[in-house]
Amino acid sequence: MKRLASLFFIVPCIFLSACGNLYSIGSTNINASNSDDSKVKTKILRLAFAQTESHPQYIVMQEFSDNFKEATNGKYEIRLFPNETLGSQREAFEQCQTGIINLAIVSNTYTGSVSDYYKAFDMPFIFNNVSESINFIRTNPVMDEVKSSVEPYGIKIAEYLTAGVRSMYTHKPIHTVADMKGMKIRTMESDIYIKMMNLFKASASPMSMGELYTAMQSGVVDGAENNEVTYVNSKHYEVAPFWSQTDHLIVPDWLIVNKETYDNFTPEEKIIFDEECMKAADRVNELWGKEVDSLMASLPDTISVTSDVDIQSFKDAVQPLYDELTSKNSEIKKVYDAILESQ
Ligand code: GCU
């Protein structure tokens, strides 16, 4: 049903793009007076988002949209499409590359599908905590090279956005990696996660976020892994009531912008856009920090939280992965080494 609904959005978007039109045009009256001169053609920039309207990234993107509109005197309006309305994250990533849409929030997995540098962030236990990852992404010199590596593919990294720390949720508690044996776990669509699950002795079932609730409900998969915000906001706890704090991944999301859209901004607009993006990233961090504990506390009593997981058993299981990935790929190795050096 969701796929069908997304077609109704995608088809007109493809039409707009085929007409060489990166924007939809509306009209905004920016002054109190009603003279024709006061009418500014508003360019609508479409932003695809995979999750719900209560997600901190969505809330912040709304603020971002308001701020950018105001700062450009109504020249741009960023219109948000949540809940995979424009398609899965993979589809949104591809639409942003070709300019069918202008902006998207996507997981690192998708930037990693065009540039190997990003794959270093998909490795389990690579950062010790979220602040360490934010600090690395914001300040490490290697990040200039990492960010610009996606530009030949039609997109620009506008900002990283926190996506917290990921843990397992299933239909039974997990205390040690041995409890994963034989379980079928949904992962994002990346080879690294498939390898990781195999090393945990579970089997990976890659699929988009939009398909996951039903897959868990119908038993197609035994569970998934994600951050607390998604577990609660997307109501995954209803169908996977055992949360186990494995803390195995700290993977950033990226706010991406179609390169042509960005290049078409005037120098002043680029400055405003960049500043607003940076403010938005800070706001997501702030909201995220506030929300995680209260969201988990809001869960019904029927949900079981296992905090005393033997995390070392998970770390030991994935040791072969680091060598395998870094010995074969100089781009992954470059970022991996920079992360280790920064710790
Ligand atoms: C996180 C992340 C999303 C991603 C999702 C997933 O929630 O923020 O960008 O889509 O995980 O597992 O697919």
Side-chain angles (χ1 to χ4, degrees), residues 22-23 42-51 53 55-82 86 89 92-93 95-97 99 101-112 114-115 117-118 121 130-131 133-151 153-164 229 250-289:
L22 267 176
Y23 319 101
T42 300
K43 296 180 179 179
I44 311 289
L45 305 181
R46 288 178 287 262
L47 186 156
F49 183 58
Q51 299 189 48
E53 295 89 333
H55 193 286
Q57 292 175 349
Y58 182 89
I59 295 168
V60 171
M61 281 301 113
Q62 261 182 327
E63 297 168 2
F64 169 75
S65 168
D66 293 344
N67 294 346
F68 191 55
K69 186 172 181 181
E70 195 182 321
T72 58
N73 290 329
K75 182 169 166 191
Y76 294 101
E77 180 179 326
I78 297 171
R79 213 163 268 178
L80 277 63
F81 294 87
L86 299 181
Q89 278 197 354
F93 183 74
Q95 289 169 37
C96 198
Q97 283 186 276
I101 61 172
N102 310 88
L103 297 132
I105 295 177
V106 295
S107 177
N108 183 70
T109 308
Y110 299 106
T111 45
V114 295
S115 162
Y117 287 109
Y118 289 82
F121 302 123
V130 173
S131 329
S133 90
I134 295 172
N135 193 39
F136 180 86
I137 289 170
R138 275 245 159 120
T139 62
N140 197 282
V142 82
M143 285 310 297
D144 289 339
E145 199 174 326
V146 174
K147 286 186 189 167
S148 61
S149 67
V150 293
E151 294 184 14
Y153 300 92
I155 54 166
K156 206 178 139 53
I157 297 290
E159 255 298 357
Y160 87 90
L161 296 175
T162 294
V229 171
I250 298 179
V251 192
D253 281 342
W254 300 101
L255 172 62
I256 55 169
V257 56
N258 169 264
K259 184 145 182 331
E260 201 182 329
T261 301
Y262 185 83
D263 289 345
N264 284 344
F265 290 152
T266 64
E268 295 74 29
E269 287 163 1
K270 282 182 183 156
I271 292 172
I272 297 171
F273 182 84
D274 294 348
E275 279 174 4
E276 288 303 331
C277 286
M278 197 178 271
K279 278 194 332 208
D282 289 344
R283 269 290 283 154
V284 174
N285 291 338
E286 187 190 318
L287 271 188
W288 198 283

Non-neighbouring partners of [X] that pass salt bridge (Lys or Arg N to Asp or Glu O under 4.0 Å), sequence neighbours left out:
| X | answer |
| --- | --- |
| D263 | K259 |
| E63 | R283 |
| D282 | R138 |

Side-chain heavy atoms of [X] within contact of [Y], under 4.5 Å:
| X | Y | result |
| --- | --- | --- |
| I105 | Y58 | no |
| L255 | L47 | yes |
| Y118 | V251 | no |

First locate atom OG1 of T72, then atom CD of E77, and finally report the distance between them rounded to the nearest 0.5 Å.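 Nearest 0.5 Å value for the OG1-CD distance: 10.0 Å.
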Hey, what do you get for CD1 (I250) to OG (S133), rounding to the nearest 0.5 Å?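 Here the rounded value is 6.0 Å.
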Taking only residues two or more places apart in sequence, or in another chain, which ones meet E145 in a side chain to side chain donor-acceptor pair (under 3.5 Å)?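 Here the qualifying residues are Y117, K334.
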With K279 via side chain to side chain donor-acceptor pair (under 3.5 Å) - residues at least two apart: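 Partners of K279 by the side chain to side chain donor-acceptor pair (under 3.5 Å) criterion, ordered by chain and then number, come out as E276.
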Applying ring-ring contact (aromatic ring centres under 6.0 Å, His included), name anything that partners F265, two or more places apart in sequence or on another chain.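 For F265, the residues satisfying ring-ring contact (aromatic ring centres under 6.0 Å, His included) (neighbours in sequence not counted) are F68, Y76, Y262, F273.
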Knowing that exactly one of I101, N102, V257 qualifies, which makes a side-chain contact (heavy atoms from CB on, under 4.5 Å) with L45?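 Going through I101, N102, V257 one by one, the side-chain contact (heavy atoms from CB on, under 4.5 Å) with L45 is satisfied by N102 alone.
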With side-chain contact (heavy atoms from CB on, under 4.5 Å) as the criterion, how do L161 and M61 come out once you've worked through the C-alpha distance, each side chain's angles and the decisive distance to 0.1 Å? CA-CA 11 Å; L161 296 175; M61 281 301 113; 4.3 Å; yes
What is the minimum heavy-atom distance between S65 and I78, and which atoms define it?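 That would be OG-O, 2.7 Å.
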Under 3.5 Å donor-acceptor, Q57 side chain and T162 backbone: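 It does hold such a pair.
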